[in-house]
Each structure stands twice: as structure tokens, then as C-alpha cells.
S.K.: 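One structure, pasted below without further comment.
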Amino acid sequence: MVISTALWSFALVVGLLTLTPGLDTALILRTSALGRRRRAWGVVLGIQTGTLLWGALTSLGVTALLTASHLAYTTLRWAGAAYLVWLGVRMLRDTFRGRPASDTSDSDSVLLAGTDSVRGGWRQGTLTNLLNPKMGAFYVAVLPQFIPAGTNHFAMGLLLTTVHILMGLMWSAALIGFARVLHGWLRKPRARRLLDRITGTVIAAFGIRLALSD
């Protein structure tokens, strides 16, 4: 397999993965639809930071140890599941307390609704990605298949990861642009509560699914 073929083939695989609705999509849409564009881009950059780290670690062979060790994988899986369930439950709890109905944010809801800052979104996106061991498992299983023989594994692995990141950035830009259409509707307190309940349910469900998965 030549480098150009490897790049195009990998782009097709991760392109389909990127377009599949999931936790990342829910977080980006929810944050940007509430009008917090800087925080939404922070979430995007955080997710891609996690992707870069998973790709780099896989290229170095470190994440192979994670998949080889049942204890290490299980520990990370439960940590990620607990984080996602906490995130989703807290979001749902706040809707019943009436917090999302207000246009202002307080310090207690800063992590979920948050001020419009790139830094806060970056922390949330990075944690969400790094605490998902399936990202590591995906890279360990898929990335080596697209590294041509005779190439530098680390350099080629980073090049393939860059393709994934670029596709993720383009899709995220489309999601943020689409969410602007929803912003006017979400000025209504009832609509914001509905969005938060949907997003919170999706996030908590992902956490429970991660906890119960093999």
C-alpha cells in the first residue's frame, strides 16, 4: 500500500465515523445552539486534542498496552462512564431546577452551560475524548492497518491522525453553523430545557452503554 492510497482509504473510514451521530455531536450542537460559539469551538479543539493524543500514543505503541491489559482498559472505561453519567445527570438535574431557563450562567453550572470561553470548552472536550477507551481501541485496531511497510510508524501515524482531525474540524464547523439556526428558537426557556434534557439523556446513555459494554 502506497502512502496516497493509505491516506484516502483511512479518510473514508474515519469520514464515516465522523458523520455518525454520537457524544461529540451532541456536545457541539448543544453548546453552539445556546449561542456560546467560543465555548463550542473550545469543545471542538478539546475533542481534536484528545484525538491527536490517541493517535500519537497509538503510533508509539503505548495504547497497545491499554488494550492488552484488561485491568487498565476496565479502569479507564469505568472512569469515562462515571464522567459521562455525571455530566448527563447534572445537566438533567439543572433543567428541573430551572437553571437553563435563565440567560445568565452561575458558577455552579459553569461546566455544563458555562461561560462563553474557549478554555472551558477545551477542558470538557478533551476530558470527554480521553476518557473514552473506545477511541484508543479504535486507533489500535485500525491505524496500523493503514501504515505502509517501510514507512516511519510514528510519522505516518501522525499524518493519518491529522487527516482524522481535519475531517473532524470541517464537520464540526458545519454543526456549529447549523446550530446558529436554532439559536433564536432556543431563546425560549422551554426550548432550552428540552434541548438540555435531550442532550443530558444522550450523554448519560452513552456513559451507561460504555459501563455495560465488553
Side-chain angles (χ1 to χ4, degrees), residues 1-29 31-32 37 40-77 79-81 84 118 121-179 202 206 209-210 213-214:
M1 181 185 296
V2 297
I3 294 178
S4 59
T5 302
L7 290 174
W8 282 110
S9 301
F10 185 74
L12 177 61
V13 173
V14 296
L16 293 173
L17 177 68
T18 301
L19 293 175
T20 302
L23 175 62
D24 295 349
T25 301
L27 284 175
I28 294 169
L29 278 176
T31 306
S32 55
R37 289 176 59 81
W41 276 110
V43 171
V44 171
L45 294 176
I47 290 169
Q48 301 312 323
T49 297
T51 300
L52 177 61
L53 290 175
W54 280 122
L57 290 174
T58 301
S59 301
L60 289 172
V62 175
T63 48
L65 298 176
L66 179 66
T67 56
S69 170
H70 180 72
L71 177 61
Y73 181 86
T74 301
T75 301
L76 184 59
R77 177 165 60 88
L84 294 178
V118 174
W122 180 84
R123 286 199 305 267
Q124 187 177 7
T126 303
L127 273 175
T128 300
N129 191 285
L130 290 181
L131 287 175
N132 183 2
K134 290 187 176 181
M135 275 294 294
F138 169 81
Y139 264 81
V140 169
V142 174
L143 198 66
Q145 313 304 320
F146 294 91
I147 298 180
T151 60
N152 183 290
H153 283 198
F154 183 70
M156 187 65 193
L158 287 184
L159 182 59
L160 292 170
T161 303
T162 300
V163 171
H164 191 182
I165 291 173
L166 290 175
M167 297 190 75
L169 289 173
M170 289 188 291
W171 177 239
S172 297
L175 290 176
I176 292 175
F178 171 73
V202 169
F206 269 98
R209 181 181 178 185
L210 181 59
S213 65
D214 185 0

S.K.: Atom CZ in Phe146, atom CG in Leu7: separation rounded to 0.5 Å?
M.R.: 10.5 Å
S.K.: Any heavy-atom pair between the side chains of Tyr139 and Thr161 that's under 4.5 Å?
M.R.: yes
S.K.: Drop me the distance from Leu127's CG to Trp122's CH2, to the nearest 0.5 angstrom.
M.R.: 8.5 Å
S.K.: Look up atom CD in Gln48 and atom CG in Asp24, then write down how far apart they are to the nearest 0.5 Å.
M.R.: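 Rounded to the nearest 0.5 Å, the CD-CG separation comes out at 8.0 Å.
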S.K.: Over all heavy atoms of both residues, which pair between Leu143 and Gly55 is shortest? Give the atoms and the distance, please.
M.R.: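 Distance-wise, the nearest heavy atoms are CD2-O, 4.0 Å.
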S.K.: Hey, what do you get for CD1 (Ile3) to CH2 (Trp8), rounding to the nearest 0.5 Å?
M.R.: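 Here the rounded value is 15.0 Å.
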S.K.: Are any non-hydrogen side-chain atoms of His164 and Phe10 less than 4.5 angstrom apart?
M.R.: yes
S.K.: Using every non-hydrogen atom in the two residues, find where Met156 and Ala6 come nearest and quote the distance to one decimal.
M.R.: CE-CB, 4.0 Å
S.K.: Would you give the length of the straight line joining atom CG of Leu45 to atom OG1 of Thr51, rounded to the nearest 0.5 angstrom?
M.R.: 11.5 Å
S.K.: Give the C-alpha distance, both sets of side-chain angles, the deciding distance and a yes or no for side-chain contact (heavy atoms from CB on, under 4.5 Å) between Thr25 and Leu175.
M.R.: CA-CA 8 Å; Thr25 301; Leu175 290 176; 4.0 Å; yes
S.K.: Does some side-chain heavy atom of Leu130 sit less than 4.5 Å from a side-chain heavy atom of Trp54?
M.R.: yes
S.K.: Is there a side-chain contact between Ile47 and Thr126 in this structure, where contact means two heavy atoms from C-beta onward sitting under 4.5 Å apart?
M.R.: no
S.K.: So which atom in Ala155 and which in Asn152 form the shortest heavy-atom distance, rounded to 0.1 Å?
M.R.: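 For Ala155 and Asn152, the tightest heavy-atom pair comes out as N-OD1, 2.9 Å.
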S.K.: Could you check if a side-chain atom of Leu23 sits within less than 4.5 angstrom of a side-chain atom of Asn132, using non-hydrogen atoms only?
M.R.: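 No, side chains not in contact.
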S.K.: So, taking the atom named OG1 in Thr151 and the one named NE2 in His153, what distance separates them when rounded to the nearest 0.5 Å?
M.R.: 5.5 Å
S.K.: Do you know the tightest heavy-atom contact between Ser59 and Gly157?
M.R.: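 Smallest interatomic distance, heavy atoms only, reads OG-CA, 3.2 Å.
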S.K.: Can you confirm whether Thr49 sits close enough to Asn129 that some side-chain heavy atom of one is under 4.5 Å from a side-chain heavy atom of the other?
M.R.: no
